Amino acid sequence: MVTGAAGRIGRGVLDVLARESVAATALVLEDPGDLVADRVVVGDARSPETVAQALDGVDGVVHLAAIPTPLDDPPEVVFGTNTLSTFTVLDAAGRAGVRRAVIASSQAASGIPFAAQELHPVYVPVDHETPDQVADAYALSKRADELTADMVARRYGMPVAALRYPFVGGLDERLRDYADAVARDPAEGADGLWAYLETRDAAEAAWLALLCPADGAVVMHVAAPETLVPEPTLDLLRRYHPGTPVRRPIEGRAVPYDLTAAEQVLGFGARHHVVGRPEPT
C-alpha cells in the first residue's frame, strides 16, 4: 500500500512497484484516474476504516501522505494531520501483520529549514543522532512520526524505516529551477544544507527500504552525494554556518549529511544528478 500515491514521490514508488511486478494499492484523497496501481482506495489516511480497507491483502506499506510544509496551513492542522495519519497507518499495519513499513520523514526534522529564527546544525555531517532544534509544527510532526515508528516496531515487531528526504523534485519538473536559484544565491539553500534528491531516486530509496533486512525502527538520511552549489561545501559552511563544528572531512561538493546508513543498510546511492554546473576552480 502506498499512501499519498498521487504525489510526487508516491507516483514514483508506484512506477517502481510496477517495474518489480509488485501489486500495489494506492490510498489517495482523490483518484486522479491515471495511477499505475492494481487497486485505488479513496479516503483519508487518518481514517481507521479507510486504512483498514486499503490494507486488505497488503504485506508492505510506504506511507507518504502528509502536509509537506508548515507554510500554507495553521500549525495545529499541519501537526495534527501528519501525526494522526502516520499513527493510524502504522498502528493498523502493525495490527494487520504487515511485514515492513517505510515512512517519509524529512531533513526538516532537524528544525532548521522552517525555523522562524536563524539556526545552525549542531555539527556536520548531520546524522540521525544530531540533536534536533525543532521550532515549527512540521518539524515536530516529523520527529513525532519517527517516534511513532519506534513505538510500532516495539509493539508489533514490524520494522519501519524512516527516510529523511531533502528537497525532492524531477529534473524536468521543479528541481532544475530550484538548483538554478540555489546556485545563483547559496543563501537560498543554506537551511537545507544545499541538499537534494531527484524524484526517481527518492522512490528507489523507498523501494530499497521495503527490502531492508534491518529490524526495529531506523532513521536514515537520503540525498544526492553532492550539493547544488558549484563551490566547495566547506566554503559554504564557513560562510553560512560559521560556528558549526566539522566532525569529519567533507571533500569538494560533498553534501554535509551522513549518508552512510542508506548506503550500507539499503545499498542506496543516487543515480540522477543535476549536471551542467562548472566545478569550482
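Position 1 is the first residue of the sequence; numbering continues from there. What you are looking at is a predicted structure, and each value in this text was computed from that prediction instead of being measured. Reckoned from all heavy atoms, side chains included, excluding hydrogens, waters and symmetry mates.
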Note to self: Other residues, nucleotides and ligands only: do more than 12 of their heavy atoms fall within 6.0 Å of CD on E76?
What the structure shows: yes
Using a 4.5 Å cut-off on heavy atoms from C-beta on, say whether the side chain of W194 contacts that of V255. no
Q | Y196-Y178 aromatic ring centre distance below 6.0 Å | A | no
Single-linkage hydrophobic cluster V51~L84, side-chain heavy atoms < 4.5 angstrom: no
d(L197 CG, H273 NE2) to nearest 0.5 Å is 9.5 Å
Do L55 and V61 have side-chain heavy atoms sitting under 4.5 Å apart? yes
**Item:** E173 and R8 ion-paired at < 4.0 Å
**Value:** yes
- prompt: Charged N to carboxylate O under 4.0 angstrom, D91 versus R95?
  reply: yes
Smallest heavy-atom separation, M158 atom then V98 atom, equals CG-O, 3.4 Å
Donor-acceptor under 3.5 Å (S85 side chain, N82 main chain) = yes
Would T69 and Y138 satisfy side-chain hydrogen bond (donor to acceptor under 3.5 Å, both in side chains), going step by step from the backbone distance to the final call? CA-CA 6 Å; T69 168; Y138 179 73; over 6 Å; no
Can you confirm whether more than 12 heavy atoms, excluding those of R99, are under 6.0 Å from its CZ atom? no
Of T244, L236, V246, T233, the one forming a side-chain contact (heavy atoms from CB on, under 4.5 Å) with P256 is T233
Checking side-chain hydrogen bond (donor to acceptor under 3.5 Å, both in side chains) for the pair T130/D127: CA distance, chi angles, key distance, verdict?
CA-CA 5 Å; T130 303; D127 56 35; 3.1 Å; yes
Residues at least two apart in sequence or cross-chain that pass side chain to side chain contact (heavy atoms under 4.5 Å, CB included) with D38, listed by chain then number, are A23, A24
Is D132 reaching over with its side chain to a backbone N or O of A109, donor-acceptor style, under 3.5 angstrom? no
d(T81 OG1, I67 CD1) to nearest 0.5 Å is 4.0 Å
Kindly say whether G170 contributes a backbone atom to a donor-acceptor pair with the side chain of T199 at under 3.5 angstrom? yes
Which of R143, E146, H128, K142 passes side-chain hydrogen bond (donor to acceptor under 3.5 Å, both in side chains) with S105? Answer is E146
Rounded to the nearest 0.5 Å, the CZ atom of F268 sits from the CE atom of M220 at a distance of 10.5 Å
Between the CD1 atom in I112 and the NE2 atom in H120, the distance rounded to the nearest 0.5 Å is 8.5 Å
Looking at R100 and P159, would you say the former's side chain and the latter's main chain have a donor-acceptor pair under 3.5 Å? no
Could you check whether R238 pairs with D235 (Lys NZ or Arg NE/NH1/NH2 to Asp/Glu carboxylate O, under 4.0 Å)? yes
Using only atom types and a distance under 3.5 Å, with no angle test, would you say the side chain of T3 pairs donor to acceptor with the backbone of L64? yes
Q. Are any of the side-chain nitrogens in R11 or D34 under 4.0 Å away from the carboxylate oxygens of its partner?
A. yes
| request: Count the heavy atoms belonging to other residues, nucleotides or ligands that lie under 6.0 Å from CZ of R155, then report whether that count exceeds 12. | output: no
Salt bridge D56-R39, side-chain N to carboxylate O under 4.0 Å
no
Would a distance-only check, ignoring hydrogens and angles, find a side-chain to backbone donor-acceptor pair under 3.5 Å from H241 to A190? yes
